[in-house]
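Here is the structure we will look at.
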Protein chains: 2
Amino acid sequence: MRFSKQRSIILEELKLRTDHPAADQIYLAVKKKLPDISLGTIYRNLEQLAAGGIIRELHYGKGQKRFDAHQTPHIHFRCLNCDTIEDMPMEITIPVPDTLHPWMQYREITDSRLEYLGLCPLCCKDKAGDTAGISAPIK
Amino acid sequence: MRFSKQRSIILEELKLRTDHPAADQIYLAVKKKLPDISLGTIYRNLEQLAAGGIIRELHYGKGQKRFDAHQTPHIHFRCLNCDTIEDMPMEITIPVPDTLHPWMQYREITDSRLEYLGLCPLCCKDKAGDTAGISAPIK
DNA sequence: CTGAATGCAAAGCCTTTGCATACGG
DNA sequence: CCGTATGCAAAGGCTTTGCATTCAG
C-alpha cells in the first residue's frame with residue numbers, strides 16, 4: 001500500500017482519537033492539517049485502510065459508518081444520547097453458540113458482534129441534573 | 001395509533017416474513033396488494049410502528065435498515081454472502097458487564113446487542129460446491 | 001368534522017465515482 | 001516513468017419531507 005501524505009495523516013488522526021469518528025468528523029480534523037483535502041479522499045482512504053485491515057469499519061448505529069484504528073479486540077459502548085462510541089476496558093467473553101444444535105448443521109459462524117448501549121458519563125450527568133443537557137433526543 | 005389499510009398491510013407483511021426485509025423489499029411486497037402505495041408511506045409507517053414499539057428497526061449491517069416484527073427476544077444470524085438475517089432458535093445469554101468496575105461508575109447500560117455472522121445454508125452449500133453461487137461478494 | 005395518513009415529487013444525507021492532474025516509489 | 005492517489009464535482013443510494021388531498025374515527 002502506498003503511503004501518501006493524506007493517507008498518513010488520516011490514519012494518524014484516527015489513531016489519536018478514541019471516539020470512533022465518522023468520515024465527516026475525520027474530514028474536519030484532517031482539514032486543519034491539509035486544508036485542501038477532499039471528502040472523496042477521506043472516503044477512499046478509509047476504504048483502503050479498512051480493506052487492508054489497518055482500521056475497522058463500524059456499521060453499528062443508524063447513521064454514518066464509524067471508524068476504529070484500535071487493533072486489540074474490545075467491546076464497544078455506545079451512548080444513546082450523544083452517539084459516542086467508547087472502548088470498554090474490561091474483558092467480556094462473547095458466548096459461543098452450541099455448534100451441535102441441529103440449526104447450526106448447515107450454517108457456518110465466522111464472526112460475532114456485541115455492543116452495549118446506554119449513557120456515557122456526560123449524558124448520564126446531564127440527564128440526572130436538569131433537562132438542559134444535550135439537545136439530541138434520548139433513545 | 002390510527003390503522004389505515006396501508007399500515008395494516010405493511011405490518012401484516014412484516015409479520016409473515018422471517019427474513020427481516022428492508023424498506024424497499026417491503027415496498028415491493030406490499031405493492032402487490034396495494035399497487036398505488038408509495039415508498040414514502042412505507043417509510044412513514046415503518047417509522048411509526050417502530051416508534052410505537054410494534055416492530056423493531058435493525059441497523060446492524062452496512063446498507064439499509066432492516067425491520068423485524070418479532071417481539072420475543074432472540075439473537076440474529078446474518079449471512080455475510082446474501083445478507084439475510086435469520087432468528088437463531090437456541091437460547092443464548094448475553095454477558096452482563098461487571099457493574100462494579102470503576103469504568104461503569106458513571107455510565108449506565110440500558111441495552112445490548114449481539115449478532116452472529118457467517119454463511120447461511122444456501123451460501124454455505126454454494127461455497128463448498130463450486131464457484132458459481134450467488135454473485136454477491138463474500139465478506 | 002378534524003387531525004392523521006397518503007401519494008407524489010422534490011430535497012437531503014452520506015457515500016461513491018469519473019476525470020484530468022499530481023505524486024510516490 | 002507508471003500506476004496509484006488526489007481534488008473537484010457530479011451522480012448514486014436510501015431516506016425524509018413539503019404539499020395538497022383523502023381517509024379514519
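Source: prediction; values computed, not measured. Chain identifiers are assigned alphabetically (A, B, ...) following the order of the sequence lines, protein sequences preceding nucleic acid strands; residue numbering begins at 1 within each chain.
In this entry the distance linking NZ of B:Lys31 with C1' of C:dC8 reads 11 Å, nearest Å. With rounding to whole Å, B:Gln25 atom CD is found 16 Å from D:dG13 atom P. One atom, NZ of B:Lys5, and another, C1' of D:dT22, lie 12 Å apart when rounded to the nearest Å. Rounded to whole Å, the distance from CD1 on B:Ile42 to C1' on C:dC8 is 14 Å. The nearest whole Å value for the distance from the CZ atom in A:Arg7 to the P atom in D:dG7 is 12 Å. Atom pair A:Leu39:CG and D:dA5:P shows a separation of 18 Å (rounding to whole Å applied). Distance B:Met1 CE to C:dG3 C1': 15 Å, rounded to the nearest Å. Rounded to whole angstrom, the span from the CZ atom of A:Phe67 across to the P atom of C:dT15 amounts to 7 Å.
Between B:Lys31 and B:Asp36, no side-chain nitrogen of the basic residue sits less than 4.0 Å from a carboxylate oxygen of the acidic one, so the salt-bridge criterion is not met. Using a 4.0 Å cut-off between charged nitrogen and carboxylate oxygen, A:Arg66 and A:Glu57 do not count as a salt-bridge pair. A salt bridge links B:Glu86 and A:Arg107; the closest N-O separation between the charged side-chain nitrogens and carboxylate oxygens is under 4.0 Å.
The side chain of A:Ile37 lies closest to D:dG7 when the candidates are D:dT16, D:dG7, D:dT6. Nearest to the side chain of A:Tyr43, among D:dT16, C:dT16, D:dT6, sits C:dT16. In the set C:dC23, D:dG25, D:dT17, the nucleotide with an atom closest to the side chain of B:Arg44 is D:dT17. Checking C:dG7, D:dT6, D:dG25 against every side-chain atom of B:Phe3, the shortest atom distance belongs to D:dG25. In this structure, of D:dA5, C:dT6, C:dA4, it is C:dA4 that holds the atom nearest to the side chain of B:Arg2.
Residue A:Ser4 places no side-chain N or O under 4.0 Å from the OP1 or OP2 atom of D:dA5. At the phosphate of C:dG7, OP1 or OP2 sits under 4.0 Å from a side-chain N or O atom of B:Gln6. A sub-4.0 Å separation between OP1 or OP2 of C:dT16 and a side-chain N or O of A:Lys65 is present.
Heavy-atom nearest nucleotides on DNA chain D were determined for A:Gly40 and for A:Asn45, and the one closer to the 5' end corresponds to A:Asn45.
With no hydrogens or angles considered, no side-chain donor-acceptor pair links A:Gln6 and A:Asn45 at under 3.5 Å.
A:Asp24 comes within 4.0 angstrom of no nucleic acid atom, judged by non-hydrogen atoms across all strands.
Two residues are said to be in side-chain contact when any heavy atoms from C-beta on lie closer than 4.5 Å; A:Thr84 and A:Cys120 fail this criterion.
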